[in-house]
Amino acid sequence: MYKNLPKKLDNMLHIWSEFNMLSLKYNALNLAHGTPGIDAPPFLIENMVKAVREGNNQYTAVQGHPELREALSKFYSPRFKPAINRDLDPNTEILVTVGASSALNNAIVNLVDHGEEILTFEPFYPNYMSITKLGRGKFRTIPLKTSPTEDGSALNFEYDWDTFEESLGPQTKVVLLTNPHNPTGKCLRKEEIERITELLEEKAPQAYVISDDVYDFLTYDQDYEMFANVGDNWKKTITIYSGGKLMNCTGWKVGFLIAPPDLTREAALMHESSIFNLNVPGQVAIARSLDLLNQPFEGYNSYPEYVRSTFAKSKDDMVDIFMNSGIPFTPTVCEGGYFVLLDASAARSLIPDQFLTPGNYEDDKDTLVIQREFKNKVPLDYAFARWFCINKGITIMPGSSFCIEKEKDMIDNFIRVAICKPESIVQQTRQILSQ
Ligand code: PMP
Ligand code: GLN
């Protein structure tokens, strides 16, 4: 064993490592990983083949292929109009990155200095914490609260404004928002953005905001509201998007960030030092496909509308299927994105002891599945997720894997189900859960 390895991430095991391997091993239906079950549109694939054939196979400009930055400016400028009332400058206000993941990395590592605080709502996308740790920043969270919906049939996630206000101060370097949110599916309302804006101005006017909006095109029954568009927010905000999500090509790993020139430049410096360049034919293909997104597709007005409508139906059907599975769940309200959380606390008595006791829960001493270890007690959601995969044949995510360590025991009642799926997978889920 090597003794002197630096433990920059405190052995933090990302949850996908365990559950994707477990899913493969037991040949279960994977509703854990947020991979869209719809493929990229044919026009995008054609454009990729052409881009490769035309010889777009070498490095391009460090900020991203010029054709893509031009196309992104055309595509995203209309929505930034309330903030800047002009087109986005493709040379100074847009950076192309290795998926939204490296946009987050570039933004966080360069903004947060040793010990400076990054504040986000909990549960949160786990990479936020690991990137902050790598950047030697301090990660602070404010748990979202739940309350029953008016008719009592589901749970809503809400902001705890008092705790948010108390948590802001001169130490706050960045507030990180996810809109729509992973894993809760919560979308920011205009009034909520206004409230965050006011509190920031009052308590932490020096703070920057990173708005991770990778699911911007996937809001169900309400509009997508942008943080950067309220008041003077544009000046302090980095907005992050994912070409992989927008066009169902997550494996291509092309993302973008949009921000004022000083913030874009900082992120670009980090990008140049770490990555320098990325998937050039993918950039060209996406550039040439952005316009095509707005053409009719499969009977819908546009490709994003087709995707949104497919996932919205999958969301409703999946919740229905889980609710009628004979396992007691309480649903939560999902307003956008790839996932819905279900409260599984009433299902504890169904879970066999082997999953609730620390140790190897598989009857396989040679297992190759990397298992997250717990010393005293296995959180309910982990026990549920492991049992559900091995015994029921469906893989889902334990919700507390989106929480900091000390909260894991407190919020261990939610499981996350991926609803970014077509009808065929919904049917498969129905079939498995009706057995
Ligand atoms: N942010 C959030 C909230 C996500 O769910 C994801 C999904 N992986 C990402 C960022 C990363 O996106 P990408 O695949 O474009 O790197
Ligand atoms: N966003 C996806 C999820 O939350 C994928 C994340 C990943 O692959 N690391 O499941």
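Below, all heavy atoms of this structure are taken into account, side chains as well, without hydrogens, waters or symmetry copies. In listed order, ligands and their atoms are each counted from 1. Worth saying up front: this structure is predicted, and the values here are computed from it rather than measured.
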Hey, which atoms in ligand 1 end up nearer than 4.0 Å to a heavy atom of [X]?
{"X": "Thr178", "result": "3 (C)"}
{"X": "Gly99", "result": "15 (O), 16 (O)"}
{"X": "Lys245", "result": "6 (C), 7 (C), 8 (N), 12 (O)"}
{"X": "Lys253", "result": "13 (P), 14 (O), 16 (O)"}

Record the part of Tyr338 in heavy-atom contact with ligand 2 below 4.0 Å; permitted values are side chain, backbone, both and neither. neither

Asn182 and ligand 2 - part of the residue with a heavy-atom distance under 4.0 Å: side chain

Distance filter under 4.0 Å to Phe339 heavy atoms, resulting ligand 2 atoms: 3 (C), 4 (O), 10 (O)

Using a 4.0 Å cut-off to any heavy atom of Lys245, which atoms of ligand 2 qualify? 1 (N)

Nearest neighbour in protein (non-hydrogen) for [atom]:
{"atom": "atom 11 (C) of ligand 1", "value": "Ser101 OG, 3.4 Å"}
{"atom": "atom 8 (O) of ligand 2", "value": "His33 NE2, 2.7 Å"}
{"atom": "atom 8 (N) of ligand 1", "value": "Tyr125 OH, 3.0 Å"}
{"atom": "atom 1 (N) of ligand 1", "value": "Asp212 OD2, 2.6 Å"}
{"atom": "atom 5 (O) of ligand 1", "value": "Tyr215 OH, 2.6 Å"}
{"atom": "atom 10 (O) of ligand 2", "value": "Arg416 NH2, 2.7 Å"}
{"atom": "atom 12 (O) of ligand 1", "value": "Ala100 CB, 3.5 Å"}

Report yes if Thr250 has an N/O atom closer than 3.5 Å to an N/O atom of ligand 1; otherwise report no. no

Less than 3.5 Å between some nitrogen or oxygen of Ser242 and one of ligand 1, yes or no? yes

If you measure from each heavy atom of Tyr215 to ligand 2, is any distance below 4.0 Å? yes

Salt bridge or not between [X] and [Y]? Use side-chain N to carboxylate O under 4.0 Å.
{"X": "Arg140", "Y": "Glu117", "value": "yes"}
{"X": "Asp291", "Y": "Lys74", "value": "yes"}
{"X": "Lys186", "Y": "Glu335", "value": "no"}

Exactly one candidate in Met129, Met397, Glu122 meets side-chain contact (heavy atoms from CB on, under 4.5 Å) with Phe402; the answer is Met397

Can you tell me how the ring of [X] sits relative to the ring of [Y], calling it parallel under 30°, perpendicular over 60° and tilted otherwise?
{"X": "Phe19", "Y": "Tyr382", "value": "tilted"}
{"X": "Tyr306", "Y": "Tyr303", "value": "tilted"}
{"X": "Phe297", "Y": "Phe43", "value": "perpendicular"}
{"X": "Trp234", "Y": "Phe80", "value": "perpendicular"}
{"X": "Tyr159", "Y": "Trp161", "value": "tilted"}
{"X": "Phe388", "Y": "Phe322", "value": "tilted"}

Flag for Asp381-Ser400: side-chain donor and acceptor within less than 3.5 Å: yes

Distance-only polar pair, side chains of Asn233 and Thr197, donor-acceptor under 3.5 Å: yes

Just by distance, do the side chain of Thr250 and the backbone of Gly244 share a donor-acceptor pair under 3.5 Å? no

Classify the contact between Tyr338 and ligand 1 as side chain, backbone, both or neither, using a heavy-atom distance cut-off of under 4.0 Å. neither

Examine Trp16 against ligand 2 and note whether any of their N/O atoms are separated by less than 3.5 Å. yes

Are any of the N/O atoms in Phe402 less than 3.5 Å from those in ligand 2? no

For Val214, is the nearest heavy atom under 4.0 Å from an atom of ligand 1? yes

